[in-house]
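Worksheet: one structure, shown below.
Bear in mind that the values here come from a model prediction, so they are computed numbers and not experimental data.
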Amino acid sequence: MSIIDNFIKQYEKEYDFYRQLARLGHDVLETEIINRGLKAIISNRAKRIDRLKEKVVQRNQKKNYKSKRAIEKDIVDLAGIRVALYFPSDREVVGQVIQELFDIEETKTFPENPHKPKHNKRFSGYWATHYRVKLKKSDEVEKRFTTTVFEIQVASVLMHAWSEVEHDLVYKPFSGNLTKEELAILDEINGLVLTGEIALERLQKAITERTKKQEEITDKYDLTNLVFSNYKTNFKKINFGNTEYLNNYLKAIDKIDTSQITEAISKINPKINETFSDQLLQNIIAINKNNDNLKKYFSQITTDKKKVSGFELFTKTWIVFEKVIAQLNQENGNKNRKNFIPNLDIVSEVSNLTQKERNRIHQLRKIRNQMLHGYESFSNEQLEKYYKDLKAIVQKCILAIQDDNAREELNDELK
């Protein structure tokens, strides 16, 4: 039996495994993309046995495989996922999602020429990003599924369609070799696809502009589009983060005033170690000042209504804390005084906090993030303890404020 026949026979036995692997990866990725408000069509497959054999035979003409292991290293798309995006510019944020969800072995960005074109092209061909990944290790997933590489292809819906046609007709010529005229037509279609992608990007920008003019946002896709558009324009130096939590907040309260989103974006602080999306959610909560909205959002995370009171106390006190630090920044000439989530360095400079209290601030910040995102579930007793710790720290920080009116105002808010 030849090396190729041996490889194909083994794949036939493992075909169901690769189908399961593709479905597992698909379910993980699709859930996250939907939660984050990205528009895409996601599909998965295990490579058909007949197509795989044709591919291996074709590649063997150049590779001259010496072992079954050599084939396995060369053919890594036995299980594959395809993400067909409505808007091509979303490739970047989907790339961030993939980095968070999977262990990435290799990334390939196209256009590139792994093979010589079979005809003279006027247009640049295939625009996409391919990720070779593994599922992250987990108690819920069998080990065999976390040790096998599979491929995720990310491109626009138009590009995926053209690529499928071009690949089957040119590089897998089932209907015979194409004429120069047929190849020219394919090239022309590629030009139309690239033009279509430009039109899709213009459509996305038009949607963003329309959304800005609305008084309120009620749709998570509009929200994600507006948020990511602002991020790409102004905040590329910080990590975008996860918009799922922001979308969950919208789901809980039904609508967010567009003016609040605009104001919250203007107060993003690029100099602190918090993602754009995390800061945005916290800024919106700080601007909104509606306790009912906090109750709705937190009730969505936990069914234990008793926890809401401790959550409210802690969250409201943290908002006051950020105002205190913003005031201290302003009084000490810090340029970032407009931000709701300020740099905590000012605490060390002007307050009388002990090192233990400063360390506690960072612990409480982590607790705040875990609460807002539903990472951890805290009892009401725990939340009330955290609230008391935080309140004591905030009271000491208020003493460092020089402006009497501001100090009195913040003390009133703390009560």
Side-chain angles (χ1 to χ4, degrees), residues 18-48 51 75-112 114 124-136 141 145-146 148-168 190 193-194 196-201 203-204 207 219-225 227-229 231-232 239-244 247 277:
Y18 285 103
R19 283 204 305 177
Q20 290 180 60
L21 176 61
R23 280 199 297 267
L24 283 170
H26 173 278
D27 291 346
V28 170
L29 185 56
E30 182 179 54
T31 299
E32 201 69 17
I33 284 176
I34 290 172
N35 287 344
R36 298 195 189 197
L38 298 166
K39 286 187 176 292
I41 300 168
I42 305 161
S43 57
N44 70 88
R45 60 100 182 105
K47 204 165 192 67
R48 275 176 43 181
R51 292 288 184 94
I75 309 294
V76 296
D77 62 342
L78 300 178
I81 299 168
R82 176 169 288 175
V83 181
L85 298 168
Y86 286 28
F87 302 118
S89 61
D90 285 345
R91 271 170 65 187
E92 182 181 342
V93 68
V94 170
Q96 290 188 19
V97 173
I98 290 171
Q99 287 179 17
E100 291 176 25
L101 296 179
F102 304 99
D103 292 327
I104 297 179
E105 300 285 310
E106 186 180 0
T107 302
K108 287 192 173 183
T109 302
F110 298 88
E112 68 170 22
S124 55
Y126 183 53
W127 285 73
T129 308
H130 290 188
Y131 300 88
R132 294 177 178 179
V133 305
K134 291 180 182 177
L135 291 171
K136 287 186 179 292
V141 180
F145 290 116
T146 64
T148 305
V149 174
F150 60 97
E151 187 171 75
I152 303 174
Q153 300 177 357
V154 183
S156 75
V157 287
L158 297 179
M159 189 58 69
H160 273 308
W162 174 81
S163 169
E164 195 71 20
V165 172
E166 196 242 12
H167 194 249
D168 278 359
N190 183 221
V193 166
L194 294 170
E197 288 203 342
I198 294 171
L200 286 173
E201 290 175 358
L203 174 62
Q204 189 175 28
I207 292 171
D219 180 84
K220 71 176 181 179
Y221 297 105
D222 284 349
L223 178 60
T224 296
N225 191 37
V227 167
F228 189 60
S229 172
Y231 168 77
K232 287 193 298 182
N239 186 22
F240 181 59
N242 189 343
T243 55
E244 179 184 353
N247 289 324
S277 298

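- No donor-acceptor pair under 3.5 Å is formed between the side chain of S229 and the backbone N or O of N225.
- Y221 and D219 get closest at one heavy-atom pair: N-OD2, 2.8 Å.
- Between the CZ atom in R82 and the CD atom in Q153 there is a gap of 5.0 Å [rounded to 0.5 Å].
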- Query: Are Y86 and L203 close enough, and set up right, to give a side chain to side chain contact (heavy atoms under 4.5 Å, CB included), and what steps lead you there?
  - Reply: CA-CA 10 Å; Y86 286 28; L203 174 62; over 6 Å; no
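- The side chain to side chain contact (heavy atoms under 4.5 Å, CB included) test with L21 is passed by exactly one of I81, L135, T146, V149: L135.
- Tested against S89 for a side chain to side chain donor-acceptor pair (under 3.5 Å), the candidates Q204, E201, E197 yield a single pass: Q204.
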- Take L38 and F87 through the side chain to side chain contact (heavy atoms under 4.5 Å, CB included) test and state the conclusion after the steps. CA-CA 9 Å; L38 298 166; F87 302 118; over 6 Å; no
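- D77 is linked by a side chain to side chain contact (heavy atoms under 4.5 Å, CB included) to R45, K47, K55, I75, E151, counting only residues two or more places apart in sequence or in another chain.
- For the pair N247/N35, no side-chain contact is recorded, criterion being any heavy-atom separation below 4.5 Å from C-beta on.
- For F145, the ring pair (Phe, Tyr, Trp, His ring centres under 6.0 Å) partners at least two apart in sequence or on another chain are F17.
- Between F110 and Y126, the ring-plane angle classifies as tilted under the 30° and 60° cut-offs.
- Atom NZ of K39 sits about 13.0 Å away from atom CD1 of I33, to the nearest 0.5 Å.
- Atom OG1 of T224 and atom CG of D90 lie 9.0 Å apart (nearest 0.5 Å).
- Pairing each heavy atom of S277 with each of G241, the nearest pair is OG-C, 3.8 Å.
- Side-chain contact between V193 and W127: absent, with no pair of heavy atoms (C-beta onward) separated by less than 4.5 Å.
- Under the 4.5 Å side-chain criterion, counting only non-hydrogen atoms from C-beta, N242 is in contact with E32.
- The CG atom of L158 sits 12.5 Å away from atom OG of S163, with the distance rounded to the nearest 0.5 Å.
- At a threshold of 4.5 Å between non-hydrogen side-chain atoms, the residues F150 and N44 do not count as touching.
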Could you give the side-chain donor-acceptor pairs of residues 93-107 under 3.5 Å, partners two or more places apart or in another chain?
unit_1	atom_1	unit_2	atom_2	d
E100	OE1	R36	NH2	2.6
D103	OD1	K136	NZ	3.1
E106	OE1	R132	NH1	3.2

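- Separation of atoms CG (L223) and CZ (F228) is listed at 13.5 Å; rounding is to 0.5 Å.
- Note that CD of E30 and CZ of R23 are 13.5 Å apart. Values are rounded to the nearest 0.5 Å.
- Looking at heavy atoms from C-beta onward, E164 lies out of side-chain contact with H160 at the 4.5 angstrom threshold.
- Between A40 and V83, the shortest heavy-atom distance links the atoms CB-CG1, 4.0 Å.
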